[in-house]
Structure formats: structure tokens, C-alpha cells
Trainee: 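Dropping the structure in here first, questions after.
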Amino acid sequence: MIEKKLKSGRKVKIRELSVDKIDELKDIIKMKYHKDGSTVVENLNVARTAWIRAGLGGGEFKNWKPNGAYPPDSVLKQLSDVEREELFDLVQSSQIMGEEAPSN
């Protein structure tokens with residue numbers, strides 16, 4: 001597990017996800033193309049929650065002892081919108097793909 005600190009000061013632990021789980025999470029977001037040329041991104045919030053639920057392995061949360069289990073709704077509801085966005089980014093960026101680190 002990777003220990004991180006959110007800008008709010010809350011400590012979190014990020015789990016390492018399997019390649020299959022990462023692929024599954026990446027496939028949640030859908031692009032919808034309209035005849036008029038506009039594009040709509042669908043399932044963004046669903047994807048954000050799924051990434052957090054899969055990647056959050058512990059941290060400073062009331063009434064949660066992870067023991068390998070995914071965080072329940074009561075834990076996710078303790079996060080502010082700003083923390084959720086930052087945690088989503090942290091979970092994604094913590095998943096190392098490639099030999100050493102992802103390419104730029």
C-alpha cells in the first residue's frame with residue numbers, strides 16, 4: 001500500500017490494482033457522439049466512485065477497519081467533493097504501468 005496525504009490533511013492508503021482491474025475501471029467511461037458533432041462523456045461520477053472504492057485501502061476514516069475490504073458508502077460519504085477528486089487522481093496515478101514508471 002502507498003501512503004499519501006490529501007491537501008486537506010487526511011491520510012489515505014492506496015492499494016495496488018491488478019492490470020485486469022485497471023482495464024475494467026478504464027472501460028466505465030463512455031463517449032456518446034451525436035449527429036450534430038457534439039460529444040457527451042457518460043458515467044464520469046460512476047467511474048470516479050469505482051476507482052476510489054477499488055483503490056482506497058485505508059486511512060483516517062471513522063468506523064472503518066479495512067481488513068482488505070472495499071470501503072463502504074459510509075466511508076466514501078466522509079470525503080468532500082475536493083477530496084474525492086484528489087483521491088481519484090491519486091488512485092489512478094499510483095498504478096504503475098510499464099517497467100519503471102509510465103511514460104509521459
Trainee: Give the table of side-chain donor-acceptor pairs shorter than 3.5 Å for residues 31-41, with sequence neighbours excluded, one pair per line with atom names and distance.
Mentor:
from	atom 1	to	atom 2	distance (Å)
Asp36	OD1	Ser38	N	2.9
Asp36	OD1	Ser38	OG	2.6

Trainee: For Glu24, give me all partners under side-chain contact (heavy atoms from CB on, under 4.5 Å), at least two apart in sequence or on another chain.
Mentor: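 Per chain and number, Glu24 pairs via side-chain contact (heavy atoms from CB on, under 4.5 Å) with Lys21.
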
Trainee: Tell me whether the count of non-hydrogen atoms from other residues, nucleotides or ligands lying under 6.0 Å of CG in Asn63 goes above 12.
Mentor: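 Not buried by this count: 12 neighbours or fewer within 6.0 Å.
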
Trainee: Rounded to the nearest 0.5 Å, what separates atom CG in Leu25 from atom CD1 in Ile52?
Mentor: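 Leu25 CG to Ile52 CD1: 11.0 Å, rounded to 0.5 Å.
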
Trainee: Taking side-chain contact (heavy atoms from CB on, under 4.5 Å) as the test, write out the residues that go with Asp73, two or more places apart.
Mentor: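 Once residues adjacent in sequence are excluded, the partners of Asp73 under the side-chain contact (heavy atoms from CB on, under 4.5 Å) criterion are Arg53, Lys77.
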
Trainee: Measure the CZ-NZ distance between Arg10 and Lys5 for me, rounded to the nearest 0.5 Å.
Mentor: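 Between Arg10 CZ and Lys5 NZ, I get 12.5 Å after rounding to 0.5 Å.
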
Trainee: Please list all pairs passing the side-chain hydrogen bond (donor to acceptor under 3.5 Å, both in side chains) test where one or both residues lie in residues 42-52, with sequence neighbours left out.
Mentor: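 Non-adjacent pairs meeting side-chain hydrogen bond (donor to acceptor under 3.5 Å, both in side chains): Asn45-Arg48, Arg48-Glu85, Thr49-Arg84.
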
Trainee: Minimum heavy-atom separation for Leu76 and Pro71, please, with both atom names.
Mentor: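 Heavy atoms of Leu76 and Pro71 come nearest at CD2-CG, 4.2 Å.
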
Trainee: Residues sharing Val82's hydrophobic cluster, by side-chain heavy-atom contacts under 4.5 Å among ILVMFWY, directly or via others?
Mentor: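 Taking Ile, Leu, Val, Met, Phe, Trp and Tyr as members, Val82 stands alone, with no cluster partners.
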
Trainee: Could I get the full list of side-chain contact (heavy atoms from CB on, under 4.5 Å) partners for Pro72, not counting sequence neighbours?
Mentor: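 side-chain contact (heavy atoms from CB on, under 4.5 Å) check on Pro72 returns Trp64, Ser74, Val75.
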
Trainee: On a heavy-atom basis, which atom in Lys4 and which in Ser94 lie closest, and how many Å separate them?
Mentor: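 Reported closest heavy-atom pair: CE-OG, 4.3 Å.
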
Trainee: Can you give me the closest heavy-atom contact between Gly58 and Leu56, atom names plus distance?
Mentor: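 Closest heavy-atom pair between Gly58 and Leu56: O-CD1, 3.4 Å.
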
Trainee: Check Glu60 against Gly9 and note the closest heavy-atom contact, atom names and distance.
Mentor: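 Scanning both residues, the minimum pair turns out to be OE1-O, 3.7 Å.
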
